[in-house]
Protein chains: 2
Amino acid sequence: MMKEINCYEQLFHVFSKMGRLPVLLKEAITENSKIVSFKKNERLLSEGEKSDSIYFIISGAVRVFYLNKEGIETNTWFLFENELVISVFSFFTSQPSFEYIETLEDSVFIALKKDKLDWLYEHFVEFNIIGRRLTELYYIRNEAQANALRMLSAKERYDLLLQTQPHLLQRVALGHIASYLGISRETLSRIRKK
Amino acid sequence: MMKEINCYEQLFHVFSKMGRLPVLLKEAITENSKIVSFKKNERLLSEGEKSDSIYFIISGAVRVFYLNKEGIETNTWFLFENELVISVFSFFTSQPSFEYIETLEDSVFIALKKDKLDWLYEHFVEFNIIGRRLTELYYIRNEAQANALRMLSAKERYDLLLQTQPHLLQRVALGHIASYLGISRETLSRIRKK
DNA sequence: GCTACTTTTTGATAAATGTCACATAATGAA
DNA sequence: TTCATTATGTGACATTTATCAAAAAGTAGC
């Protein structure tokens with residue numbers, strides 16, 4: 001029980017950095033969400049399903065990926081403690097997902113259903129401030145990624161990753177990182193040798 | 001005067017698709033923003049400045065770009081009528097911009113200063129719903145772009161552009177489109193020949 | 001420890017894309 | 001229109017990156 005309380009403190013810490021988080025809203029969040037655990041390599045979401053929950057990572061790590069037309073996994077996102085996970089397109093549009101979400105480690109999440117989230121947005125209008133700011137933050141990260149893919153060579157993208165997200169290298173297999181950087185496993189291996 | 005009213009109707013039409021837009025909020029938006037015109041190839045924002053205004057495009061078109069380390073322009077966004085323009089990073093973080101915003105045609109905008117926008121967000125809390133939803137929409141577009149850059153070949157990215165944003169080819173110079181697709185002008189020219 | 005399995009590395013080669021130089025076409029100003 | 005300027009296209013070649021095949025290294029279960 002103590003553990004669960006700490007989980008929510010972790011979540012509220014992140015949220016309260018974005019905007020006002022009254023006690024009543026905290027209670028409503030707690031009541032409308034639940035804590036879920038997944039073992040390593042389990043799926044939170046598969047292609048074709050609707051991304052109808054948002055997950056806050058208490059501990060562990062996940063990757064978001066999709067299968068390209070050759071059926072090869074393409075990782076688009078790695079997320080860790082204190083970060084939020086959705087399949088962006090599916091969650092925001094309520095359409096079926098083309099992405100998978102899978103744990104990279106044993107993980108614990110706070111899961112909030114989309115309809116509950118919408119209910120919270122509606123009944124605690126100030127919660128939209130937090131939602132808006134968080135969306136902005138993840139948007140910025142995504143844009144930085146697109147810019148890197150547009151303008152940097154494979155080696156430069158790897159160096160940038162080393163510089164900005166070194167922890168990622170410790171916790172994510174190289175094969176996964178390669179597709180995230182938009183290159184083949186072999187090329188990543190050669191880049192690293194230098 | 002009639003023209004200005006139509007401008008705001010255009011803006012409100014887009015906003016009201018995202019959420020409730022009470023008359024008082026409409027009035028506040030009108031009072032706190034202004035209509036501005038720019039000739040073709042004029043700058044709305046330069047590197048080093050803060051992106052402190054959001055622009056709604058009444059008519060015309062803009063591109064967002066930055067200079068890479070060789071000083072070459074890299075286009076990241078093309079925006080047209082009924083779309084919103086900011087330098088995402090600078091606007092959301094209030095840090096100096098690394099991007100430029102420039103008109104591609106003679107253009108008319110509704111300009112809203114960031115401090116005014118923040119004031120609106122604060123005093124009309126439901127406006128955060130609209131802000132959040134719009135941020136989500138642009139985020140989705142950005143993610144699609146990142147995915148294309150990660151997994152598609154130059155030709156596939158061009159074909160996708162043809163398919164999803166054919167109007168862009170009519171109004172944006174090929175040299176600008178090339179960097180947007182993450183390829184050289186020459187490669188784009190060769191792709192098109194086929 | 002030892003096997004079976006997965007991940008990473010390496011080599012050889014092919015394909016994609018970039019770069020440079022210049023030609024051609026389009027555009028805009030006088 | 002004409003000239004100057006800018007944008008686009010083309011050819012030759014260099015470079016980057018992908019692909020395929022296989023070896024080496026690492027990992028998990030027994």
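Naming convention: chains lettered A, B, ... in sequence-line order (proteins, then strands); numbering from 1 in each chain. What you are looking at is a predicted structure, and each value in this text was computed from that prediction instead of being measured.
Nucleotide C:dT17 holds its P atom 12 Å from the CG atom of B:Leu149, rounded to whole Å. Rounded to whole Å, atom C1' of D:dT16 lies 15 Å from atom CG of A:Leu188. Distance A:Ile72 CD1 to D:dA18 P: 13 Å, rounded to the nearest Å. In this structure, A:Ile191 atom CD1 and D:dT15 atom P are separated by 17 Å, rounded to whole Å. Per the geometry, CZ belonging to B:Arg190 stands 12 Å off C1' belonging to D:dT8, to the nearest Å. Nucleotide D:dA7 holds its C1' atom 15 Å from the CG atom of B:Leu169, rounded to whole Å. Computed from coordinates, the B:Lys193 NZ to C:dA23 C1' distance equals 13 Å when rounded to whole Å. Between the C1' atom of C:dA16 and the CG atom of B:Leu181 lies a distance of 15 Å, rounded to the nearest Å.
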Close N/O contacts between protein and nucleotides 26-30 of chain D (under 3.5 Å):
none

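A salt bridge links A:Arg43 to A:Glu102: at least one charged side-chain nitrogen sits closer than 4.0 Å to a carboxylate oxygen. Taking a cutoff of 4.0 Å between a charged side-chain nitrogen and a carboxylate oxygen, B:Glu186 and B:Arg190 do not qualify as a salt bridge.
The residue from B:Ser87, B:Ser90, B:Ser51 that alone fulfils the side-chain hydrogen bond (donor to acceptor under 3.5 Å, both in side chains) condition with B:Ser97 is B:Ser87. The side-chain contact (heavy atoms from CB on, under 4.5 Å) test with A:Arg133 is passed by exactly one of A:Ile130, A:Thr135, A:Ile129: A:Ile129. Residue A:Arg63 forms a salt bridge (charged side-chain N to carboxylate O under 4.0 Å, His left out) with just one option from A:Glu99, A:Glu42, A:Glu73, and that option is A:Glu73.
Across D:dA18, C:dT9, D:dT17, the shortest atom-to-atom separation from the side chain of A:Ser189 is found for C:dT9. Distance from the side chain of A:Ala173 is smallest to C:dT7 among D:dG11, C:dT7, C:dT9. Comparing C:dG11, D:dT17, D:dG9 against the side chain of B:Leu174 picks out D:dG9 as the nearest. Taking only side-chain atoms of B:Ser184, from C-beta outward, the nucleotide of D:dG9, C:dT19, D:dT17 with the closest atom is C:dT19. Checking D:dT17, D:dT10, C:dT10 against every side-chain atom of A:Ala154, the shortest atom distance belongs to D:dT17. Closest to the side chain of A:Ile183, from the set C:dG18, D:dA18, C:dG11, is D:dA18. Of the listed nucleotides (D:dA18, D:dC20, C:dC20), C:dC20 has the atom at the smallest distance from the side chain of B:Glu186.
Within the 3.5 Å criterion, the main-chain N or O of B:Phe80 finds a donor-acceptor partner in the side chain of B:Glu83.
Taking 4.0 angstrom as the limit, A:Lys155 places none of its side-chain polar atoms (N or O) nearer than this to OP1 or OP2 of D:dT16. Close to D:dA18, at under 4.0 Å from its OP1 or OP2, lies a side-chain N or O of A:Thr187.
Residue-to-nucleotide contacts include no donor-acceptor pair under 3.5 Å from the side chain of B:Arg185 to the base of C:dT17.
Aromatic pair B:Phe38/B:Phe109: centroids less than 6.0 angstrom apart.
Here CG of B:Leu181 is found 9.0 Å from OH of B:Tyr158. Values are rounded to the nearest 0.5 Å.
Both A:Val172 and B:Leu152 lie near DNA chain C, and the one whose nearest nucleotide falls closer to the 5' end is A:Val172.
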